[in-house]
**Student:** 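First the structure, then my questions, so here it is.
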Amino acid sequence: MTVDYADYVDAGEAVDQGSLSGKVAGGDVAPPVVAGVTYERLLNAREEPQNWLTYYGAYDGQRYSPLDQINTENVKRIGPAWVFQAGTTGLIAGASTYSFEAAPVVVDGVMFLSGWDGWVWALDAKTGTEIWRYKHAVPFDVSLCCGNVNRGVAVAQGKVFFVTANARMLALDATTGKQVWEKTYGDVRAGESATLAPLVVKNMVIVGSSGGEFGVRGHLDAFDLETGEHQWRCYTVPKPGEPGSETWPADGEAWARGGANCWLTGTFDPETNLLYVGTGNPAPDFDGGVREGDNLFTDSIIAVDVDSGQIRWHYQCTPHDVWDYDSIAECILFEQDGRKLLGHFDKNGYFFVLDRTNGARVRITPFVDRITWGAITGDGQVTAKVYPDKEGEPVHFYPGPAGAKEWTHAAYSPKTELFYVPVQDTGATATRRRREFKESIPYWGAGVQVDIEDMAGSISAFDANGEEKWRWRNELPMCASVLATGGDLVFAGEPSGEFNAFDARTGEKLWQFQCGSGHHSSPTTYMVDGRQYIAVPVGWGGWAEGFLPGMLGAGHGSALLVFALPETS
């Protein structure tokens with residue numbers, strides 16, 4: 001059949017979303033504050049408490065700010081200073097799963113914020129006024145395991161860096177929001193995607209891949225800040241013949257679809273020159289019969305030489321995982337008795353403290369009440385007790401696959417020397433369903449149902465020895481990151497919308513504000529013109545069926561709320 005293309009109407013060209021913001025000429029340019037963000041400033045980010053320069057606030061991952069204008073004495077007086085409504089427009093990939101999960105980054109009065117589905121905004125951090133916006137065209141049919149989400153940006157040398165759901169690494173001009181360069185680092189046809197906030201180290205921007213539930217091979221990638229030129233790739237599952245390959249079946253290609261994705265931002269110690277990253281689950285998640293062995297480097301903490309991308313040491317938290325216990329959680333760097341340590345609250349319910357120079361185990365302690373999947377002794381011996389082993393036979397275990405702590409981050413205060421942890425005490429039932437691997441098709445190996453009743457949550461404070469110092473209890477799991485400040489405060493949001501401030505030493509709740517939607521993001525704090533602000537994105541969603549299925553119908557929301565003390569005349 002012959003088609004006469006003259007019969008088709010010219011559809012025109014796509015409109016740049018940034019041009020639809022209503023900005024007048026000249027009002028859509030940010031001050032060049034990011035031009036001066038160098039590696040040296042990032043190394044000393046804690047010395048600029050007025051700014052939140054990188055994802056965790058500093059390379060150590062502590063999510064702590066020395067700011068103390070807002071403190072235990074006056075926090076009850078804070079209220080909304082401004083609100084930014086992100087809203088939703090057009091077709092959204094995985095529309096029912098979008099969630100506002102970012103950590104706002106602030107540089108000298110300008111805030112940079114990412115959203116789901118390829119959004120990035122520059123805002124006036126004092127007023128909330130939008131300066132510019134950028135929208136990446138994410139394919140509507142991109143494969144997403146656990147929600148259309150993005151956890152934040154990185155900034156340096158005049159650029160804003162972020163990843164997209166279709167596995168692109170982008171650099172934008174920080175003053176205008178215009179694209180500078182773009183690189184693809186994952187295969188969306190195979191189910192790879194990207195969700196994490198990039199990390200700038202030296203002259204590189206470092207990112208990791210998502211997509212372990214589709215049977216892909218995880219990796220970290222580094223790009224040159226200026227040009228986007230690829231610097232190195234670190235695969236997190238060894239191929240045959242490489243160290244660790246003996247922990248995978250010798251025949252077949254289980255390793256090639258082994259998972260171990262690094263879908264959360266790592267931390268960095270310039271003295272060891274090591275990047276500390278948690279890796280995700282093996283694939284298939286629950287069917288261990290097709291991947292006999294410990295399956296390195298899944299469910300592990302890996303220390304990667306930042307110059308070469310080589311793994312220098314590893315510690316596996318859950319060998320041969322058949323519960324979906326990613327070890328992707330943050331690696332918090334701290335010192336104790338002159339020793340360089342790393343703290344990691346794993347999805348399996350245990351708090352790991354390691355020597356970060358060599359990966360040596362220091363101590364292991366549980367941090368949640370119910371752990372039935374197995375047990376880990378203080379000397380690191382792992383014993384599996386309950387797991388989906390027989391086809392079609394349901395097995396119940398604690399914690400569920402979202403973990404005793406999901407990806408959402410703990411905080412550490414060097415002032416109190418305590419860790420503050422958002423805890424989820426929720427179980428699940430998994431029924432093994434063996435499936436043949438097919439590219440881009442979910443490769444779980446089980447049907448999973450997370451408990452809808454008999455759940456609990458808390459913000460729990462622990463010292464470095466694993467001793468619990470206080471606990472604020474909640475009827476629902478706590479599914480959002482925690483922020484600690486020099487005002488002896490801990491901020492944490494609830495799934496039901498409340499944003500709370502606690503006394504960091506006692507756990508007493510001092511203040512609360514209902515934000516109108518559940519919390520699943522990372523609050524940050526900063527100061528402009530002598531006034532401290534607390535910023536928290538609010539927008540329930542993501543993989544809610546994995547951590548709180550009873551709230552699948554709750555309103556999404558899509559706002560950034562910013563709090564401060566009343567202005568003085």
Side-chain angles (χ1 to χ4, degrees), residues 16-23 28 30 52 55 82-106 110-125 128-140 142 144 146-155 160-172 174 177-179 182 193-198 207 210 263-265 407-408 480-481 493 515-524 535-544 555-562:
D16 181 358
Q17 282 275 1
S19 67
L20 302 178
S21 62
K23 290 292 177 185
D28 54 357
W52 192 274
Y55 180 64
W82 55 265
V83 177
F84 172 70
Q85 293 285 357
T88 60
T89 58
L91 295 174
I92 301 174
S96 65
T97 69
Y98 80 84
S99 176
F100 213 164
E101 295 189 357
V105 166
V106 179
V110 180
M111 177 182 290
F112 299 94
L113 177 70
S114 67
W116 59 94
D117 219 47
W119 286 102
V120 180
W121 301 273
L123 309 174
D124 184 314
T129 301
E130 181 182 311
I131 302 172
W132 57 252
R133 65 173 70 173
Y134 176 88
K135 175 69 168 68
H136 180 76
V138 175
F140 181 67
V142 65
L144 299 171
C146 308
N148 187 337
V149 300
N150 186 281
R151 299 189 178 92
V153 305
V155 296
V160 178
F161 303 95
F162 79 109
V163 301
T164 68
N166 57 329
R168 306 291 178 90
M169 172 75 236
L170 273 73
L172 307 179
K178 302 300 182 184
Q179 183 177 305
E182 174 183 349
S193 57
T195 55
L196 83 174
V207 292
S210 300
W263 50 271
L264 273 187
T265 310
W407 69 264
T408 48
S481 298
C515 295
S517 180
H519 292 253
H520 200 223
S521 68
S522 299
T524 65
V536 59
V538 179
W540 184 249
W543 188 47
H556 274 282
S558 56
L560 173 73
L561 281 75
V562 178

**Student:** Write down the atom of S481, the atom of P523, and the distance for their closest heavy-atom approach.
**Tutor:** O-CD, 3.5 Å

**Student:** Applying side-chain contact (heavy atoms from CB on, under 4.5 Å), run through T408 and H519 and close with a yes or a no.
**Tutor:** CA-CA 10 Å; T408 48; H519 292 253; over 6 Å; no

**Student:** Provide the closest heavy-atom pair for V138 versus G118 in the form atom of the first, atom of the second, distance.
**Tutor:** CG2-N, 4.0 Å

**Student:** Taking all atoms of both residues into account, what is the closest heavy-atom pair of A137 and N166, and its distance?
**Tutor:** O-ND2, 4.3 Å

**Student:** To the nearest 0.5 Å, tell me how far W407 CH2 sits from E101 CD.
**Tutor:** 4.5 Å

**Student:** With rounding to the nearest 0.5 angstrom, report the CD1 to CH2 distance, I131 to W121.
**Tutor:** 14.5 Å

**Student:** Mark yes or no for whether H556, through its side chain, and Y98, through its backbone, hold a donor-acceptor pair below 3.5 Å.
**Tutor:** yes

**Student:** Any non-hydrogen side-chain atom of K135 less than 4.5 Å from a side-chain atom of D117?
**Tutor:** yes

**Student:** Can you see which heavy atom on G128 is nearest to which on L123, and at what distance?
**Tutor:** O-CD2, 4.1 Å

**Student:** For the side chain of S517 and the backbone of G555, is there at least one donor-acceptor N/O pair under 3.5 Å apart?
**Tutor:** yes

**Student:** If I take atom CZ from residue R151 and atom NE2 from residue H520, how far apart are they, to the nearest 0.5 angstrom?
**Tutor:** 7.5 Å

**Student:** Any idea which heavy atoms bring S114 and A102 closest together, and the distance?
**Tutor:** O-CB, 3.3 Å

**Student:** Could you tell me whether a side-chain N or O of S521 sits under 3.5 Å from a main-chain N or O of V538, the two making a donor and an acceptor?
**Tutor:** no

**Student:** Can you list the steps and then say if Y134 with L170 is a side-chain contact (heavy atoms from CB on, under 4.5 Å)?
**Tutor:** CA-CA 11 Å; Y134 176 88; L170 273 73; 3.2 Å; yes

**Student:** CE of M169 to OG1 of T164: how many Å apart, nearest 0.5 Å?
**Tutor:** 9.5 Å

**Student:** Using 0.5 Å steps for rounding, measure from the OH atom of Y55 to the CG atom of L196.
**Tutor:** 8.0 Å

**Student:** Do you know which two heavy atoms are closest between G493 and A480, and how far apart they sit?
**Tutor:** O-CB, 3.9 Å

**Student:** Within the 4.5 Å heavy-atom criterion, are L172 and F162 side-chain neighbours or not?
**Tutor:** yes

**Student:** Quick one: does L113's side chain get under 4.5 Å of F100's, heavy atoms only?
**Tutor:** yes

**Student:** Could you give the distance from CH2 (W263) to OG (S193), rounded to the nearest 0.5 Å?
**Tutor:** 10.5 Å

**Student:** Any sub-3.5 Å donor-acceptor pair from W82's side-chain atoms to L560's backbone N or O?
**Tutor:** no

